[in-house]
Amino acid sequence: MSVGRGRALASLPVDFEKWQALGNDYLIVEERALPWPLTPPRVQALCADRTGVGADGILLLSPPAERGFVARLRIFNPDGSEAELSGNGAREAVLYLRRRGWVEADVFSIETAAGEIRPHITGPGSCRVDMGRARLAGEGDVRSVGREWRYRHVRIGNPQTAIRVASETELASLALAAAGPPVETDPRFPERTNVSFWTITGPGRIRARIWERGVGETLASGTGACGAAVAYVEGGGDSPVTVELDGGTLEAEVGEDLSVILSGTAAPVYAGTLSAEESARIGALA
């Protein structure tokens, strides 16, 4: 390709859709619509609130690498890092694929960095997603905001560190911007970790606030909800678990083998087109 031709492609308009699930919003882009690959600076530019479109991340969809899958899903945090999985993002991608004609079946498979996920569409704006099996990855004490917290570390796509607090009052008053980062970056979690602070609010019901690596405090996190639900069940709680988040509620079914099925909603916000000028600006970033 000539240099002139490459520059022309880099300045093409880019179609996208913005979706949200419990206030957790993502830009959805089909890889064939992008004139340049996603890099951390480009992801940051697209997700920027004032100078970009503004989002909690980007969902990139492309044809699958293997037969038997509908699509390949890659998930980017707003800082440009790549997440293995997102429960909210997965639901948004699943319902987008149906609306955009990628699939007609209610049950199908998608490739992710965490492996296969298998959604079941249950309504126009809802679905259940088989998130796979959680793996317990240790427990102990971690120091943050001047105290020791007992944690349970869980792998469910992403690394999750679940920390139970004593009451709803304590959870509501917790300053996540101070409490989250020391846990996220603790040396015991070399990949960094999402952090779910949670408390029991009733039988089969918990309340959680989530600090996500590469994002910060978020209204909702599907994998964060899963991590808290697994910790609750491992501590003697019953499944299914209703997880109350700032953005709404999710239901997690935790099996005896720690398989997790997450149910919830997602909805489109708007469809848009990145201008040729903005495409050229972002394409010029490293």
Side-chain angles (χ1 to χ4, degrees), residues 14-34 38 55-76 82-134 156-158 220-226 229-230 239-243 247-272:
V14 177
D15 293 330
F16 66 89
E17 289 191 14
K18 186 171 183 177
W19 283 61
Q20 66 86 17
L22 308 186
N24 194 190
D25 62 329
Y26 282 90
L27 305 181
I28 303 182
V29 184
E30 296 184 23
E31 189 172 42
R32 61 192 175 194
L34 281 175
L38 288 178
D56 289 328
I58 296 175
L59 307 176
L60 182 65
L61 290 168
S62 61
E66 299 181 19
R67 295 182 62 183
F69 293 90
V70 166
R72 180 187 180 206
L73 170 63
R74 295 178 67 192
I75 303 166
F76 294 88
E82 190 166 352
E84 295 90 340
L85 189 58
S86 163
N88 291 326
R91 291 199 311 283
E92 293 169 33
V94 164
L95 295 170
Y96 172 93
L97 289 167
R98 164 63 71 79
R99 283 169 59 94
R100 300 295 291 183
W102 285 56
V103 63
E104 294 183 359
D106 289 337
V107 180
F108 51 93
S109 295
I110 297 174
E111 292 177 333
T112 75
E116 177 184 6
I117 60 170
R118 192 163 178 81
H120 178 189
I121 295 177
T122 54
S126 63
C127 65
R128 303 169 73 242
V129 180
D130 184 343
M131 304 288 287
R133 289 178 62 180
I156 179 74
N158 299 323
S221 168
T223 53
C226 290
V230 168
S239 174
V241 187
T242 298
V243 185
T249 61
L250 293 169
E251 185 168 285
E253 302 170 47
V254 182
E256 292 184 0
D257 62 351
L258 297 186
S259 59
V260 181
I261 296 175
L262 189 67
S263 299
T265 61
V269 179
Y270 61 82

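What you see is a predicted model; the values in this text were computed from it and never measured.
The minimum heavy-atom distance between Val230 and Ala134, with the atom names listed, is CG2-CB, 3.9 Å. Nearest heavy atoms, Leu262 versus Ala252: CD1-CB, 4.1 Å. Of all heavy-atom pairs between Ala114 and Gly157, the closest is CB-CA, 3.7 Å. In terms of heavy-atom proximity, Pro240 sits nearest to Glu253 at CB-CG, 4.0 Å. Across every non-hydrogen atom of Met131 and Cys226, the tightest pair is CG-SG, 4.2 Å. Taking both residues in full, the closest heavy atoms of Ser86 and Gly89 are given as OG-N, 2.9 Å, listed atom of the first, atom of the second, then distance.
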For this session: Could you give me the CA-CA distance, side-chain angles and deciding distance for Ser109 and Glu116, then say whether side chain to side chain donor-acceptor pair (under 3.5 Å) is met?
Result: CA-CA 6 Å; Ser109 295; Glu116 177 184 6; 2.5 Å; yes

Problem set entry | CA sep, side-chain torsions, deciding dist, call: Ile58, Leu38, side-chain contact (heavy atoms from CB on, under 4.5 Å) | CA-CA 10 Å; Ile58 296 175; Leu38 288 178; 4.0 Å; yes

Problem set entry | Test side-chain contact (heavy atoms from CB on, under 4.5 Å) applied to Tyr96 and Glu30, step by step | CA-CA 11 Å; Tyr96 172 93; Glu30 296 184 23; 2.6 Å; yes

For this session: For Leu61 and Leu73, run side-chain contact (heavy atoms from CB on, under 4.5 Å): C-alpha distance rounded to whole Å, both residues' side-chain angles, the deciding distance at 0.1 Å, then the answer.
Result: CA-CA 5 Å; Leu61 290 168; Leu73 170 63; 3.9 Å; yes

Problem set entry | Intermediate values then yes/no, side-chain contact (heavy atoms from CB on, under 4.5 Å), Val243 and Val241 | CA-CA 6 Å; Val243 185; Val241 187; 4.2 Å; yes

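Checked by atom type and distance alone, the side chain of Asp25 pairs as donor or acceptor with a backbone atom of Asp56 at under 3.5 Å. Judged by distance alone, with hydrogens and angles left aside, the side-chain atoms of Arg128 form no donor-acceptor pair with the main-chain N or O of Ser263 at under 3.5 Å.
One finds the CG atom of Leu95 at 7.0 Å from the OG atom of Ser126 (value rounded to the nearest 0.5 Å). Note that the CG atom of Asp106 and the OG1 atom of Thr122 stand 9.0 Å from one another [nearest 0.5 Å]. Rounded to the nearest 0.5 Å, atoms CG (Leu85) and OG1 (Thr112) are 5.0 Å apart. Note that the CD atom of Glu92 and the CG atom of Leu97 stand 12.0 Å from one another [nearest 0.5 Å]. One finds the CG atom of Leu250 at 5.5 Å from the CG atom of Asn88 (value rounded to the nearest 0.5 Å). The structure places CG of Leu59 at 10.5 Å from CH2 of Trp19, a figure rounded to the nearest 0.5 Å.
Applying side chain to side chain contact (heavy atoms under 4.5 Å, CB included) to Leu60 and the options Leu34, Leu27, Ile75 leaves one that passes, Leu34. For the side-chain hydrogen bond (donor to acceptor under 3.5 Å, both in side chains) with Arg74, the qualifying choice from Glu82, Glu31, Glu111, Glu84 is Glu82, the only one to do so.
Around the CZ atom of Arg72, the shell of radius 6.0 Å holds no more than 12 heavy atoms that belong to other residues, nucleotides or ligands.
Residues Asp130 and Ile117 are not in side-chain contact: their nearest non-hydrogen atoms beyond the backbone lie 4.5 Å or more apart.
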